[in-house]
Amino acid sequence: MNTMRRPIIAGNWKMNKSNFEAIDLVTLLKRDLNDVNDVDIVVCPPFTALSDVKDVLTDSNIMLGAQNLYWEDAGAFTGEISASMLKEVGAQFVIIGHSERRQYFAETNDSVNKRIKAALKWNLTPIVCVGENLHERENNRTFDVVRDHCEGAFDGFSEEEIEKIIIAYEPVWAIGTGKTATPQQAQEVHRFIRELLMRMYNEELARDIRIQYGGSVKPENITELMAQPDIDGALVGGASLSHESFVKIVKNACAIRT
Ligand code: 13P
């Protein structure tokens with residue numbers, strides 16, 4: 001972790017939690033994380049719970065994110081949700097291009113690019129996910145895939161726009177499998193992304209951009225991950241669904257900073 005970049009821990013709840021469960025969870029998070037000042041904390045509930053969660057989060061240090069958006073502002077797009085709608089319910093962040101969306105919902109670099117554009121237009125901070133699957137890793141294609149995801153996602157964006165985004169490196173083989181990338185494996189790819197951004201943009205931008213790691217992050221492994229110089233936080237799936245484990249992850253991330 002680099003002390004210039006503010007750490008950010010986000011919980012991606014995926015398709016979990018009824019509204020009642022969501023309210024219970026954030027009520028406890030708000031109570032137990034209210035003394036955390038030096039880490040950004042974000043929860044990303046399903047669309048249906050955003051509004052109720054936002055109500056609970058009023059006057060708290062926890063911010064709200066969504067898990068996806070559609071790039072048009074409004075229109076005949078049955079089943080979709082626009083950036084302006086997310087803004088209106090109080091979201092500040094939005095996850096874009098998660099591997100589950102790429103895998104099950106035909107998300108491509110091109111659609112990721114359009115979604116980032118829409119998020120930035122509405123002043124939402126995109127958390128852009130990149131990462132290789134097991135087959136690609138085993139065939140030594142990790143860097144090629146991550147480069148392709150970054151170049152495709154950021155195609156046509158200015159430095160001012162890219163400065164506003166957060167990147168999440170999520171190796172697909174580590175998601176929901178209990179198999180975390182080792183801190184060294186994660187660090188190597190985070191460093192690669194920073195060097196890529198240096199070539200695509202400039203040194204300052206590459207130095208300042210925040211890169212989260214995601215994939216089986218737990219209270220037991222967050223400390224070692226956060227100790228890496230290029231890891232600035234975590235995008236947490238399963239362990240963000242329980243208040244005890246998410247609180248521990250945030251507190252352990254704080255501890256390493258102090
Ligand atoms: P897990 O933490 O459940 O592996 O999920 C990671 C993830 O996909 C976060 O976006």
Side-chain angles (χ1 to χ4, degrees), residues 7-17 21-22 25 29 39-47 49-50 53 62-69 86 91-105 107 112 115-116 119 124-134 136-137 142 145-146 149-150 153 165-183 185-186 189-190 193 210-226 228 231-253:
I8 175 165
I9 306 289
N12 173 9
W13 296 4
K14 308 191 179 181
M15 197 175 72
N16 292 292
K17 303 289 177 194
E21 291 167 341
L25 176 54
L29 294 179
V39 171
D40 283 344
I41 311 165
V42 183
V43 290
C44 304
F47 289 135
L50 284 172
V53 167
I62 304 175
M63 295 178 278
L64 186 68
Q67 299 174 20
N68 186 27
L69 54 67
L86 297 180
Q92 291 156 273
F93 294 80
V94 58
I95 298 170
I96 294 181
H98 191 279
S99 63
E100 285 148 16
R101 298 223 49 92
R102 293 179 193 255
Q103 194 178 348
Y104 307 129
F105 303 101
E107 191 88 71
V112 167
R115 286 181 163 92
I116 298 174
L124 290 163
T125 300
I127 298 177
V128 181
C129 302
V130 301
E132 81 289 357
N133 63 31
L134 186 59
E136 290 160 343
R137 174 158 283 263
T142 297
V145 171
V146 169
H149 284 173
C150 290
I165 69 155
I166 292 168
I167 297 174
Y169 168 57
E170 297 210 314
V172 181
W173 49 272
I175 295 179
T177 57
K179 248 197 236 174
T180 329
T182 64
Q185 281 173 320
V189 180
H190 282 232
I193 294 171
R210 292 188 290 178
I211 310 177
Q212 297 176 299
Y213 167 79
S216 298
V217 172
K218 303 180 206 72
E220 300 76 44
N221 58 26
I222 184 71
T223 309
E224 230 192 321
L225 288 162
M226 291 295 289
Q228 303 302 312
I231 298 184
D232 307 313
L235 183 56
V236 187
S240 71
L241 297 175
S242 127
H243 123 268
E244 286 87 359
S245 54
F246 194 65
V247 166
K248 276 192 200 147
I249 288 171
V250 173
K251 299 243 164 165
N252 289 353

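All values derive from a computational prediction rather than experimental measurement. Counting convention: from 1, in listed order, for ligands and their atoms alike.
Using modelled atom types and a 3.5 Å distance limit, the side chains of E170 and H98 yield a donor-acceptor pair. Side-chain contact of W173 with E132: a donor-acceptor pair under 3.5 Å is present, judged by distance alone.
Between P46 and Q67 the shortest side-chain heavy-atom distance falls below 4.5 Å.
Remark: minimum distance from atom 3 (O) of ligand 1 to any protein heavy atom is reached at G238 N, 2.8 Å. For atom 4 (O) of ligand 1, the nearest protein heavy atom (residue, atom name, distance) is G176 N, 2.6 Å. Here the protein heavy atom with the shortest distance to atom 5 (O) of ligand 1 is K14 NZ, 3.2 Å. Nearest protein heavy-atom neighbour of atom 7 (C) of ligand 1: E170 OE2, 3.2 Å.
Per-residue contacts place A174 under 4.0 angstrom from the following atoms of ligand 1 (heavy atoms of the residue considered): 4 (O). Against a heavy-atom cut-off of under 4.0 Å, N12 is close to the following atoms of ligand 1: 9 (C), 10 (O). Of all atoms in ligand 1, numbered sequentially from 1 with element shown, those under 4.0 Å from a heavy atom of G215 are 4 (O), 6 (C). Interface atoms of ligand 1 facing S216, defined by a heavy-atom separation under 4.0 Å, are 1 (P), 2 (O), 4 (O).
Here I175 contributes atom CD1 and S99 contributes atom OG; the two are 3.5 Å apart, rounded to the nearest 0.5 Å. Atom CD1 of I9 is separated from atom CD1 of I62 by 12.5 Å, given to the nearest 0.5 angstrom.
Partner of I167 under the side-chain contact (heavy atoms from CB on, under 4.5 Å) criterion, out of I127, V146, I193: I193 alone.
Across all their heavy atoms, G178 and S216 have their closest contact at N-OG, 2.8 Å.
Between G237 and ligand 1, at least one N/O pair is under 3.5 Å apart. The shortest N/O to N/O separation between T177 and ligand 1 does not fall below 3.5 Å. Taking distance alone, with nitrogen or oxygen atoms compared against 3.5 Å, E100 stays at or beyond that limit from ligand 1.
Using the six-membered ring where Trp is involved, H190 and Y213 have ring planes that are tilted, between 30° and 60° apart.
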